[in-house]
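To start, the structure under review is shown below, and the notes come after it.
Numbers restart at 1 for each chain; the letters A, B, ... are given by sequence-line order, proteins then strands.
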Number of protein chains: 2
Amino acid sequence: MKTTFSISELAREFAVTPRAIRFYEQEGMLSPSRQGQTRIFSTRDRVRLGLIVQGKRVGFSLAEIREMLDLYDIGDGQVTQLKVSRKKFADRIVALERQRIDIDESLAGLRQSIAWMDQKIKQAEETEAREKSMNVVGFGVMPRTGT
Amino acid sequence: MKTTFSISELAREFAVTPRAIRFYEQEGMLSPSRQGQTRIFSTRDRVRLGLIVQGKRVGFSLAEIREMLDLYDIGDGQVTQLKVSRKKFADRIVALERQRIDIDESLAGLRQSIAWMDQKIKQAEETEAREKSMNVVGFGVMPRTGT
DNA sequence: TATGACGCTGACGTAAGGGGAAACGTAAAG
DNA sequence: CTTTACGTTTCCCCTTACGTCAGCGTCATA
């Protein structure tokens with residue numbers, strides 16, 4: 001069973017670039033030893049990289065991930081760390097649910113604009129022969145008048 | 001009816017910062033005239049800013065928005081422009097739908113992690129209570145278990 | 001020996017502004 | 001007339017999470 005890893009091994013395993021791994025080290029989230037210049041990663045580094053990648057996948061910033069990793073290192077009986085992480089995760093869920101709503105709203109807006117455009121295109125192509133002056137605005141949205 | 005606007009008027013109306021508006025100008029998307037140093041925005045600027053903000057809301061990059069604005073300026077009979085924009089919008093819809101799926105997957109992962117943590121916390125707190133009942137330390141302070 | 005695969009260290013670039021400094025003009029208030 | 005308070009300007013560094021060179025060393029292989 002392997003206990004040390006090269007940068008490209010880990011890069012392949014976790015589907016990140018060596019550049020990203022070096023960046024994580026520079027940010028203090030990994031601390032590989034060195035053989036001359038070359039980085040030698042331990043299983044601990046590997047686990048941490050796994051956590052980093054997972055954290056990124058669910059949308060945490062590196063700063064947040066680093067906090068959690070640090071907390072995990074302190075490990076004061078684990079409960080405090082677990083509770084802090086739990087809260088972060090819960091917060092993230094709320095943020096993502098909000099994002100989902102935003103996306104749905106954007107989708108609705110886009111679909112409406114497309115419908116509007118389709119109509120305009122149809123009109124334009126019908127009228128093309130006779131008339132040429134059309135007043136096309138763009139997003140199908142008028143500038144807001146208040147607020 | 002107003003035909004000119006100050007930077008902060010537009011900022012208020014469209015809920016963006018003056019800084020952002022200056023940035024859009026710097027990027028060539030707005031071209032207010034000047035009275036001395038001070039920017040004077042026309043209704044055209046106002047419409048364009050509205051389009052920028054709308055475009056941003058549905059997730060277009062400034063580069064994409066600028067392209068569409070430029071197209072609109074050229075306005076070669078409009079139909080071409082409409083079709084190009086339509087395609088951009090359709091592409092954006094696809095991208096957003098993909099994003100939605102990603103978010104749903106992240107949410108699932110987060111919820112699972114939370115469930116796992118809750119279980120761990122429960123376990124840990126049960127253990128803690130058991131230790132406390134057997135070993136009264138006083139003042140609610142637990143001995144340190146390690147670094 | 002030459003070539004290619006890996007590795008390294010800087011340094012600069014990205015998107016979309018945020019934040020703050022320092023300076024200017026204008027208007028009201030003392 | 002001066003102070004105070006805004007509103008605005010330009011200028012420049014900061015941010016995130018790396019990508020992308022440039023320029024170099026080290027190794028194994030053809």
So do the side chains of [X] and [Y] get within less than 4.5 Å of each other, counting heavy atoms only?
X: B/Asp104; Y: B/Leu107; value: yes
X: B/Lys120; Y: B/Trp116; value: yes
X: A/Leu62; Y: A/Ile52; value: yes
X: B/Ile93; Y: A/Ile114; value: yes

(request) Name all residues meeting the side-chain hydrogen bond (donor to acceptor under 3.5 Å, both in side chains) criterion together with A/Glu9; count only those two or more places apart in sequence or in a different chain, and write none if there are none. (result)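 Result, side-chain hydrogen bond (donor to acceptor under 3.5 Å, both in side chains) vs A/Glu9: A/Lys2.
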Run the salt-bridge test on [X] and [Y] with the 4.0 Å N-O cut-off and return the result as yes or no.
X: B/Glu64; Y: B/Lys88; answer: no
X: A/Asp102; Y: A/Arg98; answer: yes
X: A/Lys122; Y: A/Asp118; answer: no

Between the protein and nucleotides 9-16 of chain D, which nitrogen or oxygen pairs are less than 3.5 angstrom apart?
{"residue": "D/dT9", "atom": "OP1", "partner": "B/Arg39", "partner atom": "N", "Å": "2.8"}
{"residue": "D/dT9", "atom": "OP1", "partner": "B/Arg39", "partner atom": "NH1", "Å": "3.0"}
{"residue": "D/dT9", "atom": "OP2", "partner": "B/Arg22", "partner atom": "NE", "Å": "3.0"}
{"residue": "D/dT9", "atom": "OP2", "partner": "B/Arg22", "partner atom": "NH2", "Å": "2.8"}
{"residue": "D/dT9", "atom": "O5'", "partner": "B/Arg39", "partner atom": "NH1", "Å": "3.1"}
{"residue": "D/dT10", "atom": "OP1", "partner": "B/Arg34", "partner atom": "NH1", "Å": "3.1"}
{"residue": "D/dT10", "atom": "OP2", "partner": "B/Arg39", "partner atom": "NH1", "Å": "3.0"}
{"residue": "D/dT10", "atom": "OP2", "partner": "B/Arg39", "partner atom": "NH2", "Å": "2.7"}

(request) With sequence neighbours excluded, give me every ring pair (Phe, Tyr, Trp, His ring centres under 6.0 Å) pair touching residues 17-61 of chain A. (result)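 Checked against ring pair (Phe, Tyr, Trp, His ring centres under 6.0 Å) - neighbours excluded - the pairs reaching residues 17-61 of chain A are A/Phe60-A/Phe89.
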(request) Just grab all the salt bridge (Lys or Arg N to Asp or Glu O under 4.0 Å) pairs involving residues 105-115 of chain B, residues at least two apart or on different chains. (result)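 Sorted pair list: A/Glu97-B/Arg111.
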(message) With a strict under 4.0 Å distance from non-hydrogen atoms of chain A, what nucleotide opens and what nucleotide closes the contacted stretch of DNA chain C, reading 5' to 3'?
(response) C/dC6 to C/dA11
(request) Please determine if a side-chain N or O atom of A/Tyr24 lies less than 4.0 Å away from the OP1 or OP2 oxygen of D/dA17. (result)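 False: A/Tyr24 side-chain N/O out of range (4.0 Å or more) of D/dA17 OP1/OP2.
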Between protein and nucleotides 22-24 of chain D, what N or O pairs are separated by less than 3.5 Å?
none

